[in-house]
Amino acid sequence: MKLTAAQARRIAVAAQGFHENKPAAGVTRGHLKRLIARLQVLQLDSVSVTVRAHYAPVFSRLGPYDRELLDRAAWSHSARSPRLLVEYWAHEAALMAVDDWPLLRWRMREYTHGRWGTEIVKRNAKLADEIVAAVAAIGPATAGQIEAYLEAEPRGRKGPWWDRSDTKWVAEALWSSGVLTTATRVGFSRHYDLTERVLPAHVVARQVDEADAVRELALRAATALGVGTEADIRDYFRLSARQVKPAIADLVAAGELEQVQVTGWSAPAYLRTGQPIPRRDRGTALLCPFDPLIFFRPRVERLFDFFYRIEIYTPAPKRQFGYYVWPFLLDGRLAGRVDLKRTGDALHVVGAFAEDGVDKARVAGALAGELRSMAGWLEVGDVTVGQRGDLVDPLARSLV
């Protein structure tokens, strides 16, 4: 089967939920649950210059919503409102459905001594046991609180026997290995707890063979992507080529995926069997740098002919577009980008840039509507426009 580049783009945008109308009567827990089933992951990131990354994809697809809805789904539990989400290395650090946690047990085994700083963890086996015991005793706690508790315990001599930074390294390793998980976050600080006290017993008890888990993850990635190359599918859950090649072969043989050729793509692509091909471009939204539609930059270039890199770590004088730039999806195409910063009383457009060949007045008018919606969602009173970029003048006029 052959697809045009336009068909591939429409499939990808629709698969991510941008073709659907936003709820008219407010976003509910049911809306959130269905969105997570579609996207699979909400990437976490500490940068909060506009809004933290995990909140943004929900807004981009569903419109203004109460962020406490997502907080409750991720970091609280009650009989009436069970926890929906759990944190793990599902892409990078990300929120994923609680029931899907066992699909990454193979990764937890790989990270027995953590993802980084493994030598620190290996030489601190006793500290790992101490941290688990401390969390069991005091309940959900930050690394600092765990360290303070351990320092207060009698040790036969004054002061701790480990380096202060070791507690954080080892706690993170225990989190990566699945012994601990995130019970809650306060001010974005992770509070660790024993996994069996946070997740349902049937989830903790479930064992999934690595090959079966990878096959399921590959299928979910392909479904979330709509159509994607092997590299695209690998990136979604950060799988290896060794894992994904046989998984894709199995899924094609089983009729779950169909190999296709996309005009202009150098590698074969895989289409979720039965995936409809939209007849027209749809979807208008601001996309944060970590949105699942765009977090794999080579795919962004292939789908949209849009070169995009986050410039947070680029020295200010060398930045092309700005510190925290949001691509703007207009009717299923990336038509521009805006460098956004939330202040105490405004959503400030530091810079705004149009893509070549677009109608700037039309882009600015649509962008103004999305920015007003975002400003209301973030509870700031106004949208202000700076000086950088060829879109700032028409945008300022559209906001009057």
Side-chain angles (χ1 to χ4, degrees), residues 9 13 16 18-19 21-22 47-53 55-65 67 280-291 293-295 297 300-301 303-312 314 316-400:
R9 183 183 65 246
V13 172
Q16 285 278 307
F18 290 104
H19 67 302
N21 294 325
K22 294 172 182 177
V47 177
S48 61
V49 64
T50 308
V51 65
R52 293 201 190 275
Y55 294 117
V58 181
F59 167 77
S60 297
R61 291 156 180 80
L62 301 181
Y65 72 102
R67 278 172 283 167
R280 63 188 181 94
D281 288 304
R282 294 183 60 189
T284 296
L286 284 160
L287 306 175
C288 88
F290 304 104
D291 190 286
L293 180 64
I294 61 169
F295 56 33
R297 312 306 189 204
V300 178
E301 291 182 49
L303 279 174
F304 299 103
D305 191 25
F306 187 92
F307 183 82
Y308 178 57
R309 296 292 186 271
I310 192 165
E311 297 183 274
I312 289 174
T314 302
K318 295 184 179 181
R319 291 179 193 140
Q320 183 178 4
F321 296 109
Y323 180 79
Y324 201 76
V325 173
W326 298 59
F328 180 49
L329 184 75
L330 176 60
D331 294 334
R333 298 169 183 257
L334 292 178
R337 60 191 94 199
V338 283
D339 183 14
L340 294 180
K341 180 179 182 180
R342 181 181 57 180
T343 65
D345 58 358
L347 179 63
H348 183 55
V349 178
V350 182
F353 307 83
E355 287 298 285
D356 292 340
V358 302
D359 181 336
K360 291 179 183 177
R362 178 172 174 269
V363 173
L367 178 58
E370 292 299 312
L371 290 169
R372 287 194 189 99
S373 178
M374 179 180 279
W377 174 55
L378 297 177
E379 299 179 315
V380 295
D382 197 8
V383 180
T384 59
V385 182
Q387 303 295 318
R388 295 192 66 243
D390 59 352
L391 200 56
V392 292
D393 289 341
L395 180 59
R397 289 193 293 269
S398 295
L399 286 165
V400 173

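Position 1 is the first residue of the sequence; numbering continues from there.
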Nearest heavy-atom contact between R297 and Y308 is NH1-CE2, 3.4 Å
When the side chains of residues 392-400 are checked against the rest of the protein, which donor-acceptor pairs come out under 3.5 Å, sequence neighbours left out?
from, atom 1, to, atom 2, distance (Å)
S398, OG, P394, O, 3.0

Smallest separation among heavy atoms of A285 and F18, with atom names
CB-CE2, 3.7 Å
Quick test of your reading of the model: are D291 and R61 salt-bridged, counting only N-O distances below 4.0 Å?
yes
What's the separation between atom CG in L286 and atom CZ in F59, rounded to the nearest 0.5 Å?
6.5 Å
Looking at F306 and V300, what are the two nearest heavy atoms and their distance?
O-CG1, 3.5 Å
Is any side-chain heavy atom of M374 closer than 4.5 Å to a side-chain heavy atom of V51?
no
Considering non-hydrogen atoms only, spot the tightest contact between V380 and R342 and give its length.
CG1-CG, 3.9 Å
Scan the side chains in residues 317-326 for donor-acceptor partners under 3.5 Å anywhere in the protein, sequence neighbours excluded, and list what turns up.
from, atom 1, to, atom 2, distance (Å)
R319, NE, E311, O, 3.1
R319, NE, T314, O, 2.9
R319, NH2, T314, O, 3.3

Show me the pairs that pass ring-ring contact (aromatic ring centres under 6.0 Å, His included) and involve residues 356-376, at least two apart or across chains.
none
Any pair with a residue in residues 379-400 that passes ring-ring contact (aromatic ring centres under 6.0 Å, His included), sequence neighbours left out, goes on the list, sorted by first then second residue, please.
none
In a table with atom names and distances, give each donor-acceptor pair under 3.5 Å that connects a side chain of residues 347-367 to protein atoms at least two apart or in another chain.
from, atom 1, to, atom 2, distance (Å)
H348, ND1, T384, OG1, 2.7
E355, OE2, R337, NH2, 2.9
D359, OD1, A361, N, 3.1
D359, OD1, R362, N, 3.2
K360, NZ, D390, OD2, 3.4
R362, NH2, D331, OD2, 2.2

Between the CZ atom in F304 and the CG atom in L334, the distance rounded to the nearest 0.5 Å is 4.5 Å
So do the side chains of Q16 and I294 get within less than 4.5 Å of each other, counting heavy atoms only?
no
Run the salt bridge (Lys or Arg N to Asp or Glu O under 4.0 Å) test against K341 and tell me which residues pass, sequence neighbours left out.
none
Nearest 0.5 Å, please: how far is CG in N21 from CG in L62?
11.5 Å
Tell me, please, which residues at least two apart from R309 pass salt bridge (Lys or Arg N to Asp or Glu O under 4.0 Å).
E301
Indicate the atoms forming the closest heavy-atom contact of V13 with G332, along with that distance.
CG2-O, 4.0 Å
Here the pair of heavy atoms bringing D382 nearest to A375 is O-CB, 4.1 Å
If the condition is ring pair (Phe, Tyr, Trp, His ring centres under 6.0 Å), which residues does Y65 pass it with, not counting sequence neighbours?
W377
By side chain to side chain contact (heavy atoms under 4.5 Å, CB included) - contacts of R52 (at least two apart)
S46, S48, H54, Y55, F188
In chain order, what residues pass the salt bridge (Lys or Arg N to Asp or Glu O under 4.0 Å) check against R333, with sequence neighbours excluded?
D281
